[in-house]
Amino acid sequence: MNLSLSEQLAYSTVRIECELKTGGISTGTGFFFNFLEDKENNRHIPVVITNKHVIKDAAKGKLIITKANEKGEPLDTQHFSVMFDNFESFWRLHPQTDVDLCAMPIAPFINEAEKKGERLFYIPFTKNLLPTE
């Protein structure tokens with residue numbers, strides 16, 4: 001399957017929906033990123049990265065990811081989502097308070113989808129795509 005750069009970028013993002021402790025709603029997006037855990041065995045830690053303000057005070061939250069067919073191609077009209085209670089607690093906040101970024105490990109989310117027989121389609125960013133100084 002040959003995807004254009006803009007299509008690849010679209011599948012690198014995830015919709016985030018939050019129910020706030022105050023009763024309000026917050027929506028935003030994040031992007032998929034794979035941190036290299038073990039270079040020799042090509043093992044990665046998959047995460048979603050978003051802004052702290054998107055998940056701030058979220059009592060419940062949901063990530064919505066495009067499903068894939070048996071060939072591994074995206075099914076644009078079908079999505080897999082899971083709701084998390086105490087959503088904000090799943091995120092690792094950037095230690096600097098003035099940096100509006102946070103990350104959530106998503107391996108459990110991916111494993112849950114696989115246990116249910118679901119295939120997910122997303123394209124994660126990796127460190128080699130980041131510019132150096």
Side-chain angles (χ1 to χ4, degrees):
M1 172 177 38
N2 256 346
L3 296 175
S4 70
L5 182 58
S6 61
E7 289 171 319
Q8 291 178 49
L9 288 172
Y11 294 115
S12 297
T13 59
V14 59
R15 181 174 170 86
I16 301 170
E17 297 178 353
C18 302
E19 294 178 22
L20 304 178
K21 295 172 186 170
T22 60
I25 301 289
S26 171
T27 60
T29 58
F31 63 90
F32 297 101
F33 192 89
N34 279 349
F35 285 101
L36 185 61
E37 178 184 30
D38 180 354
K39 188 173 186 174
E40 186 176 307
N41 295 310
N42 197 30
R43 290 181 36 181
H44 295 86
I45 299 170
V47 301
V48 168
I49 296 177
T50 192
N51 299 106
K52 291 176 186 176
H53 70 265
V54 171
I55 54 96
K56 182 174 175 45
D57 297 325
K60 294 184 179 187
K62 183 173 19 176
L63 299 178
I64 303 168
I65 301 176
T66 301
K67 288 185 182 181
N69 64 21
E70 57 281 342
K71 296 178 185 176
E73 301 166 331
L75 297 169
D76 291 329
T77 59
Q78 297 183 31
H79 299 90
F80 181 82
S81 61
V82 64
M83 182 70 98
F84 297 87
D85 287 325
N86 200 15
F87 191 54
E88 188 178 14
S89 71
F90 285 87
W91 295 85
R92 309 296 189 271
L93 305 181
H94 192 284
Q96 295 176 346
T97 56
D98 61 336
V99 177
D100 188 23
L101 291 175
C102 57
M104 181 174 91
I106 59 168
F109 181 81
I110 294 167
N111 292 337
E112 180 181 332
E114 289 174 357
K115 285 179 189 174
K116 293 180 177 182
E118 302 286 357
R119 298 171 194 253
L120 305 180
F121 188 87
Y122 63 94
I123 300 174
F125 291 111
T126 58
K127 185 178 177 182
N128 65 340
L129 295 173
L130 301 176
T132 62
E133 289 183 32

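- Side-chain atoms of S26 come within 3.5 Å of backbone N or O of V54 as a donor-acceptor pair.
- The hydrophobic clustering, which links ILVMFWY residues whose side-chain heavy atoms are closer than 4.5 Å, places V99 and L93 apart.
- Within the 3.5 Å criterion, the main-chain N or O of K60 finds no donor-acceptor partner in the side chain of N86.
- The distance from the NE2 atom of H79 to the OG1 atom of T66 is 4.0 Å, given to the nearest 0.5 Å.
- Using a 4.5 Å cut-off between side-chain heavy atoms of Ile, Leu, Val, Met, Phe, Trp and Tyr, with links allowed through other members, V48 and Y122 fall into the same hydrophobic cluster.
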Checklist entry - Stepwise, does the side chain to side chain contact (heavy atoms under 4.5 Å, CB included) test hold for S81 with L63? => result CA-CA 6 Å; S81 61; L63 299 178; over 6 Å; no

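- Annotation: the span from E118 atom CD to E112 atom CD amounts to 10.0 Å, rounded to 0.5 Å.
- With rounding to the nearest 0.5 Å, the separation of CD1 in I110 from CD1 in I65 is 6.5 Å.
- Annotation: ring-ring contact (aromatic ring centres under 6.0 Å, His included) contacts of F84 (sequence neighbours excluded): F87, F90.
- Side chain of N34 to backbone of H44: no donor-acceptor contact under 3.5 angstrom is found.
- If you look at F80 and F109, their ring centroids are closer than 6.0 Å.
- Residues passing the side chain to side chain contact (heavy atoms under 4.5 Å, CB included) test with R92 are P105, sequence neighbours excluded.
- In this structure, N51 contributes its side chain and H53 its backbone to no donor-acceptor pair below 3.5 Å.
- Linking Ile, Leu, Val, Met, Phe, Trp and Tyr whenever their side-chain heavy atoms come within less than 4.5 Å leaves I16 and F31 in two separate clusters.
- Side-chain N or O atoms of Q78 include none that pairs as donor or acceptor with a backbone N or O of K67 at under 3.5 Å.
- Between the side chain of T50 and the backbone N or O of T29, at least one donor-acceptor pair lies under 3.5 Å.
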Next on the checklist: Applying side chain to side chain contact (heavy atoms under 4.5 Å, CB included) to L20 and I25, what does each step give before you reach the verdict?
Outcome noted: CA-CA 6 Å; L20 304 178; I25 301 289; over 6 Å; no

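- Of the charged side-chain nitrogens involved, none lies within less than 4.0 Å of a carboxylate oxygen, so that R119 and E70 do not count as a salt-bridged pair.
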Checklist entry - Is there a side chain to side chain contact (heavy atoms under 4.5 Å, CB included) between I123 and F32 once you walk through the steps? => result CA-CA 7 Å; I123 300 174; F32 297 101; over 6 Å; no

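- Connection of L101 to F35 is established within a shared hydrophobic cluster, with ILVMFWY side chains joined at heavy-atom distances below 4.5 Å, either directly or through further cluster members.
- The line from CD of E88 to SG of C102 is 8.5 Å long, rounded to the nearest 0.5 Å.
- A donor-acceptor pair is defined here as one N or O able to donate and one able to accept, closer than 3.5 Å; such a pair exists between the side chain of Q8 and the backbone of L3.
- No more than 12 heavy atoms of other residues, nucleotides or ligands shown are found within 6.0 angstrom of NZ on K56.
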Checklist entry - Can you check side chain to side chain contact (heavy atoms under 4.5 Å, CB included) on I45 and V47, steps first, answer last? => result CA-CA 6 Å; I45 299 170; V47 301; 4.2 Å; yes

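- One finds the CD atom of E17 at 4.5 Å from the NZ atom of K62 (value rounded to the nearest 0.5 Å).
- Shown here is D98, whose CG atom has more than 12 heavy atoms of other residues, nucleotides or ligands within 6.0 Å.
- Between F33 and F125, the distance from one ring center to the other does not fall under 6.0 angstrom.
- Cluster annotation: V82 and M104 are assigned to the same hydrophobic cluster (Ile/Leu/Val/Met/Phe/Trp/Tyr, side-chain heavy-atom contacts under 4.5 Å, transitive).
- Note: D57 CG to T22 OG1 = 7.0 Å, rounded to the nearest 0.5 Å.
- Minimum interatomic distance between F121 and A68 (heavy atoms only, all atoms of both residues): CB-CB, 3.8 Å.
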